[in-house]
Every structure is written in structure tokens, then in C-alpha cells.
Amino acid sequence: MYNNILDRILETKKEELDGFQMPEPMPRSEKYSLREALSRPHHALGLIAEVKQASPSKGLFREKMNVPAIAESYEHAGADAVSVLTDRTYFHGSAENLIKVRKSVRLPVLRKDFIIDERQIEEAFRIGADAVLLIAAALEPDLLYELYLAARERGLESLVEVHRIEEAEAVLSKFTPEIMGVNNRDLKTFETKLEVTAALQGTIPEDVVLVSESGVQSAADVMYLKNHGADAALVGEVLIRAHSPREKVRELFGREVNEHAARA
Ligand SMILES: O=P(O)(O)OC[C@@H](O)[C@@H](O)c1c[nH]c2ccccc12
């Protein structure tokens, strides 16, 4: 029936959109640029730290999540941006979580969801997101480009996510996003291999900010990505599971990685 989890998620998303309610616009605070933040990161490798309570592959990461406290600890640890899952069904996310993060940090906030309809872009704008995720595996190139333009019209940036070279080439044959994500997670097996980022670095143009997503577990992983073309990493599970997200960021992105980069 589904050749991967994404097909199942997208079917649910389409049903959810039938009952879609557009939220009232939040008062917009300052606009933060994700591209700018990732172009001059606090550490040797940029960091988008993720607020994600559960996932289809791993289940629940935490019973309860103090979202403002987690977001603040990310900011104090030197994250360059915060990614917030707003998908409710499979990730226990919510628009409310994004609003809480928006109110807690002075950083770019990325809306992480399965966006297939312009109404979700308008919603992202209204709840205070600075950027949205657009998943190439979920969108035909024309629709992906339309949603990218719809985001840009609202002053929102897009992180265009690919899983393999063919997807990247299909996107790049149409337009060049300012920020691209390489998702190291195989949507069929849920296995993550950081080599996926290394394999794609030659395909993604130099002037595109390259974010490696998923599977980062250690400082060695961060150094590997730094040495294989990534400008930033998007990290969720290890941070959300950590007793102290702030300590975990320091362990993964801190001194050792900065010293290594300085020597390189
Ligand atoms: O928890 P991890 O392995 O650090 O992965 C984070 C992030 O990359 C992952 O949550 C993700 C990447 N792309 C997505 C698209 C939808 C939902 C989730 C994602």
C-alpha cells in the first residue's frame, strides 16, 4: 500500500487539510534570516536544533516537553536556528509549539511539516515562522517551485530537502534554492547514513547553504559533516533526549569541533 512512510504521512496530511482552519495572524516580531544565521554560525558547523517530541521510526522521545525551556537552552548553547515539528499525528508536534518557540528565542524559526498546500505557507507566516521546509520527495518540481515562491512572497525562506541526487537535480533544473537540506534518513528503512550528505555535496552548488539532516549522534559526526561539504546540521533526537540539551550541543559542536576546524 505505501512504499514508504512519507506516502502514509502525505495521505493523512491531505485528509487533515480537508478540515483546515486558518489561524489568526500573530503579531509579527522581528524577522530572522535562516540563510544569514547559517552563513555565520556560532560554531565551526551551523546548527539547526529541533523541537520534536516523537517520530514514526522511534516513537516518543519524551513524555513531556517544556518547549520554551528547550528552545532557550538551544539558544544559550549557541544554536543558529530552531526547527519545530508542527505535524501532530506522527510527530506529536503542533502550531502551538512553534508559537511558544517564537516567543522564547531571538533566532530564525523553521516550520518543519509536510507542506503540500499554499494554506500551510500562509499558516506558517501567521504563527511566526521565518522559514518553511519543502520536501522534494513529497512534491512535484512545479508545485515545489510554486510553494517556494508563495513562501518568498510572504518574506519566508525555504529549506528545500532532498534525499538523493535525482531529487536534487530535478529541483536544480527548475531553480536554485538559497538553502538545501540533505536528509540522511532512508524513508523506507529509517536507517541514517551521513555518507548521503557526502554523496550529494558535488551536486549542490557552492553558493547554496547545505544543511545535513538526521542521524547526528556525536562530535565525530559533526566533524565528518564539516569535512564533507555541510555548512550546517539539523539535529533532533540526541538533543531532545539529552538531560541537558545545552550540554549536548556543547559536546557535539563545541570546543573539539571548533579546534579541529581551526586546524583544518
Ligand atoms: O532526529 P534526527 O535523527 O536528529 O533528525 C532530525 C531531522 O533531520 C528529522 O527530524 C527530519 C528531517 N527531515 C524531516 C522531514 C519531516 C519530519 C522530520 C524530518
Side-chain angles (χ1 to χ4, degrees), residues 4-13 16 34 38 45-62 65 70 74 77 79-94 97-98 101 109-116 120 124 129 131-139 144 147 158-164 167-168 177 179-197 200 210-222 224-225 230-242 245 248-249 251-253:
N4 63 43
I5 182 69
L6 185 59
D7 291 346
R8 212 170 97 217
I9 294 174
L10 292 174
E11 187 154 314
T12 309
K13 198 53 71 174
E16 288 169 351
L34 180 59
L38 297 181
L45 185 76
L47 169 59
I48 304 175
E50 185 155 90
V51 176
K52 173 173 73 170
Q53 189 164 11
S55 77
S57 52
K58 302 277 178 72
L60 208 56
F61 295 123
R62 290 174 84 120
M65 256 191 348
I70 289 171
Y74 285 166
D80 302 294
V82 179
S83 159
V84 185
L85 261 297
T86 55
D87 173 76
R88 200 177 286 279
T89 308
Y90 295 93
F91 290 83
H92 290 229
S94 65
N97 280 352
L98 192 142
V101 171
V109 175
L110 168 68
R111 182 198 185 163
K112 205 66 153 355
D113 207 322
F114 300 84
I115 293 180
I116 53 176
Q120 294 169 289
V132 292
L133 177 77
L134 297 177
I135 303 173
L139 298 162
L144 194 154
L147 292 171
S158 294
L159 190 156
V160 177
E161 172 181 296
V162 295
H163 289 79
R164 61 178 65 82
E167 286 179 9
I179 312 166
M180 288 184 78
V182 175
N183 194 347
N184 304 309
R185 178 162 287 117
D186 181 307
L187 294 179
K188 285 194 176 60
T189 64
F190 297 136
E191 189 192 1
T192 56
K193 285 198 291 238
L194 302 188
E195 289 77 4
V196 176
T197 294
L200 263 104
L210 199 170
V211 180
S212 181
E213 305 175 53
S214 307
V216 170
Q217 306 274 338
S218 67
D221 289 343
V222 172
Y224 174 87
L225 293 176
D231 299 301
L234 197 159
V235 185
E237 183 177 344
V238 286
L239 299 184
I240 282 293
R241 285 190 190 279
K248 183 54 80 172
V249 169
E251 177 196 322
L252 297 183
F253 284 79

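Ligands are counted one by one from 1 in listed order, and the atoms in each one are counted from 1 as well. Nothing here was measured: the structure is a model prediction, and the numbers come from that model. Residues: numbered from 1 along the sequence shown.
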- What atoms of ligand 1 come closer than 4.0 angstrom to any heavy atom of Glu237? 1 (O), 2 (P), 4 (O)

- Look at ligand 1 and say whether Leu234 reaches it with a heavy atom at a distance under 4.0 Å. yes

- Message: With side chain to side chain donor-acceptor pair (under 3.5 Å) as the criterion, how do Glu16 and Thr89 come out once you've worked through the C-alpha distance, each side chain's angles and the decisive distance to 0.1 Å?
- Response: CA-CA 10 Å; Glu16 288 169 351; Thr89 308; 2.4 Å; yes

- Query: For Arg185, is the nearest heavy atom under 4.0 Å from an atom of ligand 1?
  - Reply: yes

- In this structure, atom 10 (O) of ligand 1 is nearest to the protein heavy atom Glu50 OE1, 2.6 Å

- Do Phe114 and Thr12 have side-chain heavy atoms sitting under 4.5 Å apart? no

- Task: Specify the closest pair of heavy atoms between Glu50 and Gly236, including all atoms of both residues, with the distance to one decimal.
- Result: CB-CA, 3.7 Å

- Number the atoms of ligand 1 from 1 as they appear, then name those within less than 4.0 Å of a heavy atom of Lys52, with their elements. 1 (O), 2 (P), 5 (O), 6 (C), 9 (C), 10 (O)

- Item | Heavy-atom pair with the smallest gap, counting every atom of Asp113 and Lys13 | OD1-NZ, 2.8 Å

- Item | Leu110, Leu210, Val211 screened by side chain to side chain contact (heavy atoms under 4.5 Å, CB included) with Ile179, the one that passes | Val211

- Message: Quick check: Gly215 and ligand 1, any N/O pair under 3.5 Å apart?
- Response: yes

- Could you go through the salt bridge (Lys or Arg N to Asp or Glu O under 4.0 Å) check for Glu11 and Arg8 one step at a time? CA-CA 5 Å; Glu11 187 154 314; Arg8 212 170 97 217; over 6 Å; no

- Task: List the closest protein heavy-atom neighbour of atom 17 (C) of ligand 1: residue, atom name, distance to the nearest 0.1 Å.
- Result: Phe91 CZ, 3.5 Å

- Atoms of ligand 1 less than 4.0 Å from Phe114 heavy atoms? 16 (C), 17 (C)

- When you measure from atom 19 (C) of ligand 1 to every protein heavy atom, which one gives the shortest distance, and what is it? Lys112 NZ, 3.1 Å

- Message: Quick check for you: to the nearest 0.5 Å, what is the distance between Thr192 atom OG1 and Glu213 atom CD?
- Response: 12.5 Å

- Query: Okay, side chain of Arg62, backbone of Ile240: is any donor-acceptor separation there less than 3.5 Å?
  - Reply: yes

- Give the numbers and elements of all ligand 1 atoms closer than 4.0 Å to a heavy atom of Ser214. 2 (P), 3 (O), 5 (O), 7 (C), 8 (O), 9 (C), 11 (C), 12 (C)

- Counting from 1 in the order shown, the ligand 1 atoms closer than 4.0 Å to a non-hydrogen atom of Glu213 are 8 (O), 12 (C), 13 (N)

- Taking only heavy atoms of Glu161, which atoms of ligand 1 are found under 4.0 Å from at least one of them? 12 (C), 13 (N), 14 (C), 15 (C)

- Query: Is any side-chain heavy atom of Tyr74 closer than 4.5 Å to a side-chain heavy atom of Val101?
  - Reply: no

- Task: Please report the shortest heavy-atom distance between Leu45 and Ala232, naming the atom on each side.
- Result: CD1-N, 3.8 Å

- Using heavy atoms and a threshold below 4.0 Å, how should the contact between Leu133 and ligand 1 be classified: side chain, backbone, both, or neither? side chain

- Interfacing atoms of ligand 1 (cut-off 4.0 Å, heavy-atom, Gly236): 1 (O), 2 (P), 4 (O), 6 (C)

- Looking at Val235, which atoms of ligand 1 are within less than 4.0 Å of one of its heavy atoms? 4 (O)

